[in-house]
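Numbered from 1 within each chain, the chains take letters A, B, ... in sequence-line order. Remember, predicted model here, so these are calculated numbers, not experimental data.
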Number of protein chains: 2
Amino acid sequence: MTTSAPRTPARPTPRERLLDAAAGLFYRDGVNIGVDALCKAAGVSKRSMYQLFGSKDEVLAASLERSGPGYQALLLPPADDSRPPRAQVLHVFERLDQLSAGPEYQGCPFVSTATELKDPDHPASVVARGFKQQLTAFFHAQAARAGASDPETLARQLTIVFDGAGARTVVQGHPLDGLATATATVLLDAAGVV
Amino acid sequence: MTTSAPRTPARPTPRERLLDAAAGLFYRDGVNIGVDALCKAAGVSKRSMYQLFGSKDEVLAASLERSGPGYQALLLPPADDSRPPRAQVLHVFERLDQLSAGPEYQGCPFVSTATELKDPDHPASVVARGFKQQLTAFFHAQAARAGASDPETLARQLTIVFDGAGARTVVQGHPLDGLATATATVLLDAAGVV
DNA sequence: ACCAACGTACACCGATCGGTTTCCTCCTGT
DNA sequence: ACAGGAGGAAACCGATCGGTGTACGTTGGT
């Protein structure tokens with residue numbers, strides 16, 4: 001293989017290490033893990049962290065912001081997907097059903113973070129709200145493309161199923177077994193999305 | 001001996017004050033509020049708290065356990081309700097739609113607690129799981145009574161909608177405007193529950 | 001009237017919290 | 001070769017964490 005291995009091992013910058021570690025730790029252990037533990041996991045000194053970010057809350061918000069695109073790529077169909085709307089919407093729920101079977105799955109990180117923070121004005125809550133709106137927007141676009149009678153409502157309902165499926169996994173502690181996909185299918189059928 | 005019939009409605013016992021304050025504070029501020037704040041709010045000394053409970057975690061679990069019946073009474077139709085299954089199920093979602101409009105609403109307390117704790121073996125997580133199963137059992141009973149084709153799946157789907165509606169309220173920060181009821185209606189229709 | 005149990009007030013413990021500061025090492029541009 | 005900045009290690013800060021120990025009221029049963 002002629003894969004290009006960078007001459008310089010190019011260790012990620014402290015900022016990247018910090019945000020990646022933060023995304024993982026905040027998701028796994030909650031937003032109340034300490035700054036010390038976070039910096040230790042990231043291999044970054046507290047001093048550097050506080051030069052890069054104004055506070056732990058900003059780190060949290062930035063880590064959510066950074067992990068957003070990857071999370072979407074994990075769930076949404078590729079941008080050049082040419083399948084009909086129904087298949088593209090169901091793609092998301094099939095992914096969710098798969099994800100929920102992973103031992104690491106703790107529900108949607110945006111929902112978890114917003115739930116833990118309580119404060120809707122917290123910068124991380126704002127980020128979380130934004131990504132949820134993007135998910136709803138995707139559903140809305142597909143619903144509209146399919147000529148659904150009420151694409152706005154359908155999109156919101158699909159988002160509710162998405163978040164509810166995540167919550168169920170957290171509380172019950174076992175995978176969804178296709179329940180998310182099955183529920184989304186019912187909504188799509190009822191809305192006449194083929 | 002200690003518990004005689006309360007002829008005079010005396011001040012609640014420290015245990016009751018503690019559990020009531022705990023339910024409110026844990027719900028509003030999350031499971032990470034301090035023992036000092038909790039005891040101060042309850043008007044109970046830390047000493048008494050640690051004589052009544054082994055740890056803060058036990059207080060949390062006990063407060064969830066205590067608030068469970070009241071929460072169910074808030075959502076479920078009365079036990080002697082004679083309406084058809086569909087109406088009884090929709091009753092829950094109408095209540096949820098109403099609740100979500102209240103300024104204090106922070107989502108389902110059981111889901112919130114389980115989400116914050118992460119640990120599924122935490123005593124409070126066990127309590128939360130139990131109450132969610134009771135809600136699902138109610139849906140299941142109604143679905144079976146209505147002769148739904150797959151009452152088990154329908155009950156789980158309704159629970160997902162319930163929790164998803166709560167999550168949406170938390171993340172988006174505005175009421176559901178009938179969205180929970182509307183979504184449940186779609187599921188009931190599809191399952192042939194009249 | 002007395003005593004024991006109950007409950008409060010409060011000091012105290014080690015650990016950890018978010019955040020700041022100091023010091024020193026290492027890497028890089030010139 | 002050398003200056004200077006970036007960044008890590010760790011001490012340090014006051015506050016708070018969960019939890020305990022002690023001492024002082026208050027109350028009810030006999």
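- B/A184 and B/L158 get closest at one heavy-atom pair: CB-CD2, 4.0 Å.
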Would you list the atom pairs, donor with acceptor, under 3.5 Å between side chains in residues 170-177 of chain A and any protein atom, with sequence neighbours excluded?
{"from": "A/Q172", "atom 1": "OE1", "to": "B/Q133", "atom 2": "NE2", "distance (Å)": "3.3"}

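- Taking atom NZ of residue B/K56 and atom P of nucleotide C/dA15, one finds them 19 Å apart after rounding to whole Å.
- One N or O on the side chain of B/D97 and one on the backbone of B/T181 form a donor-acceptor pair closer than 3.5 Å.
- Within residues 112-126 of chain B, no residue has a heavy atom under 4.0 Å from DNA chain C.
- Heavy atoms of A/I33 sit under 4.0 angstrom from primed sugar atoms or phosphate atoms, though from no base atom.
- Rounded to whole Å, atom P of C/dC17 lies 11 Å from atom CG of A/L38.
- Looking at heavy-atom distances under 4.0 Å, B/L52 makes no contact with the nucleic acid at all.
- Between B/V44 and B/P14, the shortest heavy-atom distance links the atoms CG2-O, 3.8 Å.
- A close approach under 4.0 Å does not occur between any side-chain nitrogen or oxygen of B/S48 and OP1 or OP2 of C/dG7.
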Could you go through A/T159 and A/T136, starting from their C-alpha distance and side-chain angles, then the distance that decides it, and tell me whether this counts as side-chain hydrogen bond (donor to acceptor under 3.5 Å, both in side chains)? CA-CA 6 Å; A/T159 305; A/T136 305; 2.8 Å; yes
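- Applying a 4.0 Å cut-off to non-hydrogen atoms, none of the residues of residues 20-31 of chain A approaches DNA chain C.
- Summarising the geometry of A/P109 relative to A/T113, their closest heavy-atom pair is O-OG1, 2.7 Å, with the distance given to 0.1 Å.
- Here the rule is ring pair (Phe, Tyr, Trp, His ring centres under 6.0 Å) with B/F110, and of B/F131, B/Y27, B/F162 only B/F131 fits it.
- Here C/dG19 presents its P atom at 13 Å from CZ of A/F53, a figure rounded to the nearest Å.
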Protein heavy-atom contacts under 4.0 Å, written 5' to 3' over nucleotides 20-25 of chain C as B (base), S (sugar-phosphate only) or - (none), form the string BBBB--
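- Rotation axes derived from the C1' atoms of the five outermost pairs at either end of the helix from C/dA1-D/dT30 to C/dT30-D/dA1 lie 10° apart, to the nearest 10°.
- Nucleic acid contact for A/R15: none, since no nucleic acid atom lies under 4.0 Å from a heavy atom of the residue.
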When the side chains of residues 30-43 of chain B are checked against the rest of the protein, which donor-acceptor pairs come out under 3.5 Å, sequence neighbours left out?
{"from": "B/D36", "atom 1": "OD1", "to": "B/K46", "atom 2": "NZ", "distance (Å)": "3.4"}

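- Between the P atom of D/dT16 and the CG atom of A/N32 lies a distance of 15 Å, rounded to the nearest Å.
- For A/R15, the CZ atom counts as loosely surrounded, since its 6.0 Å shell holds 12 or fewer non-hydrogen atoms of other residues, nucleotides or ligands.
- The heavy-atom pair separating A/A61 from A/V127 by the smallest distance is O-CG2, 4.0 Å.
- At a threshold of 4.0 Å, the pair A/D189-A/R86 counts as salt-bridged, since one of the basic side-chain nitrogens sits closer than that to a carboxylate oxygen.
- A/T115 and A/S112 share no side-chain donor-acceptor pair at under 3.5 Å.
- What you find for B/A124 and B/L64 is that their closest heavy atoms are O-CD1, 3.6 Å.
- Taking atom CE of B/M49 as the reference point, atom C1' of D/dG21 lies 16 Å away to the nearest angstrom.
- Mapping A/D36 and A/V44 onto DNA chain D via the closest heavy atom, the residue that lands nearer the 5' end is A/V44.
- Rounded to whole Å, atom C1' of C/dT16 lies 14 Å from atom NZ of A/K40.
- Close to D/dG7, at under 4.0 Å from its OP1 or OP2, lies no side-chain N or O of A/R17.
- Under a 3.5 Å cut-off, the side chain of A/Q88 and the backbone N or O of A/D81 do form a donor-acceptor pair.
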